[in-house]
Amino acid sequence: MRQLVMPDATGYPRLAELVRGCPDGDRVELFAERARTERELADRIRGSADVLQFFHGTPLRAEALLAARPARVLVAGPAGGAVDLDAARSAGIHVYDTPGLAAATVAEFTLTLLLALARRLPAGVGAGTAWRPTAGRDLAGRLLGVVGWGAIGSAVARLALGIGMRVAAWSPSLDAATAHTAGVQRLELDELLAAADAVSLHLRSAPGTDGIVDARRLALLGPHALLVNTARAALVDMAELRRRLTAGALGGVALDVFDVEPLPEDDLLRTHPAALLTPHMAWMTDDAVGRFLAAAIAFGVHGDDSRVRRLA
């Protein structure tokens, strides 16, 4: 039975409590306070075989990794920038993460944003004591375009079908047979954008996808179309998005990701009545974080590799 050390139990409310609530969570030595320096962080993990790292906590950079040289780093959640992978490889430190365990969580949040945007919920809630109801639109029968057919995109499609929407999808790897089995129509990206009443983005940020919804493709969206992005801001030409929103050329946008985070106070997106903004929180539930932690701990303690991915 291996023991893990978690040098920084920050990055999510009650993270230490959630660790303790996992099976074998009592086998994790954790530090509830953020380390003040890289040296302090290294001291916390020195001599440890396995380090449990929360993906949204203080990153493990080269200085701490090379000073402490643990055998493995187990990232609870998608690794992203949680660990300096180049430094880990150079030191022979193996790095694993637990991707894909928040797919249903993000999909539910995406549908929540779409429903709120369609019914103009922020404006209605904001009316407060003035009691001025706002007119929205039904989603049943309307066409949702899902861009990206991974675990999240396909889950969003299932949820949308469940409330009576029609769904079309595009992804580089999606074929017509897979789409048909899922009950959706496969369209080419330009055709999808031009036809959809609402579009939801679910691609990874990569050289082939960054800027994929550029000015030309934004212009394909109709003036009443809704755009939801819980994936990555880099997928969209954000300057053009702001311009089209200001010009009334879009029906509304719901964004959980931004080109600058946190979004500056004076950004027009903050005050535009057709924009619904959330602070990069689509993944944030105790349930999802518990799954991240449980998978990493199970691998560290028992060697259960069914929910982990090796990165270095």
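We count residues from 1, following the sequence as given.
Linking ILVMFWY residues whenever their side-chain heavy atoms come closer than 4.5 Å, directly or via other members, places Val167 and Leu114 in the same cluster. In the hydrophobic clustering of this structure, Leu221 groups with Leu203; members are Ile, Leu, Val, Met, Phe, Trp, Tyr whose side-chain heavy atoms approach within less than 4.5 Å, directly or through other members. Using a 4.5 Å cut-off between side-chain heavy atoms of Ile, Leu, Val, Met, Phe, Trp and Tyr, with links allowed through other members, Leu201 and Leu189 fall into the same hydrophobic cluster. Both Leu220 and Val236 are members of a single hydrophobic cluster when ILVMFWY side chains are connected at heavy-atom separations under 4.5 Å.
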May I have the step-by-step check of salt bridge (charged side-chain N to carboxylate O under 4.0 Å, His left out) for Asp286 and Arg14, ending in yes or no?
-> CA-CA 9 Å; Asp286 287 0; Arg14 301 189 306 106; 2.2 Å; yes
CA sep, side-chain torsions, deciding dist, call: Ser200, Thr110, side-chain hydrogen bond (donor to acceptor under 3.5 Å, both in side chains) | CA-CA 8 Å; Ser200 189; Thr110 299; 4.8 Å; no
Given the rule in the side-chain hydrogen bond (donor to acceptor under 3.5 Å, both in side chains) test, do Thr58 and Arg34 qualify, once you have shown the distances and angles that lead to the verdict?
-> CA-CA 7 Å; Thr58 302; Arg34 189 181 299 272; 2.3 Å; yes
Check step by step if side-chain contact (heavy atoms from CB on, under 4.5 Å) holds for Ser154 and Val146.
-> CA-CA 8 Å; Ser154 57; Val146 174; over 6 Å; no
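Taking the six-membered ring for Trp and the full ring otherwise, His56 and Trp283 have centroids separated by under 6.0 Å.
Contact check for Thr230 versus Leu255: no side-chain heavy atoms found under the 4.5 Å cut-off. Side-chain contact between Val83 and Pro59 is absent, with no heavy-atom pair separated by less than 4.5 Å. With contacts defined as side-chain heavy-atom distances shorter than 4.5 Å, the pair Met6/Leu15 qualifies. At a threshold of 4.5 Å between non-hydrogen side-chain atoms, the residues Val308 and Asp97 do not count as touching. For the pair Leu65 and Val73, the minimum side-chain heavy-atom distance is below 4.5 Å. Taking the side chain as every heavy atom from C-beta outward, Arg72 and Tyr96 approach each other to under 4.5 Å.
In this structure, Asp237 contributes its side chain and Glu240 its backbone to a donor-acceptor pair below 3.5 Å. A donor-acceptor contact shorter than 3.5 Å links the side chain of Glu261 to the backbone of Phe258. Put simply, the side chain of Thr98 gets close to the backbone of Gly77: a donor and an acceptor are under 3.5 Å apart. Between the side chain of Arg119 and the backbone N or O of Gly136 there is no donor-acceptor pair closer than 3.5 Å. Side chain of Thr178 to main chain of Leu174: no donor-acceptor pair is present (N/O by atom type, distance under 3.5 Å, no hydrogens or angles). For His272 (side chain) and Leu245 (main-chain N/O), a donor-acceptor pair under 3.5 Å exists by modelled atom type. Side-chain atoms of Arg270 come within 3.5 Å of backbone N or O of Pro264 as a donor-acceptor pair. Of the possible polar contacts, one joining the Arg20 side chain to the Val28 backbone as a donor-acceptor pair under 3.5 Å is found. Not one N or O on the side chain of Asp267 forms a donor-acceptor pair closer than 3.5 Å with the backbone of Leu263. Panel note: side chain Asp138, backbone Ala140; no donor-acceptor pair is recorded below 3.5 Å.
The pair Asp305-Arg310 fails the salt-bridge criterion, with no side-chain N (NZ, NE, NH1 or NH2) lying under 4.0 Å from an Asp/Glu carboxylate O. A salt bridge does not link Arg89 with Asp84: every distance from a Lys NZ or Arg NE/NH1/NH2 to an Asp or Glu carboxylate oxygen is 4.0 Å or more. Contact check on Asp190 versus Arg217 returns a salt bridge, with a Lys/Arg side-chain nitrogen under 4.0 Å from an Asp/Glu carboxylate oxygen. At a threshold of 4.0 Å, the pair Arg27-Asp24 does not count as salt-bridged, since none of the basic side-chain nitrogens sits closer than that to a carboxylate oxygen.
When each of Phe299, Phe55, Tyr12 is checked for a ring pair (Phe, Tyr, Trp, His ring centres under 6.0 Å) with Phe292, only Phe55 meets the rule.
Taking a 6.0 Å sphere around CZ of Arg232, one finds it holds 12 or fewer heavy atoms contributed by other residues, nucleotides or ligands.
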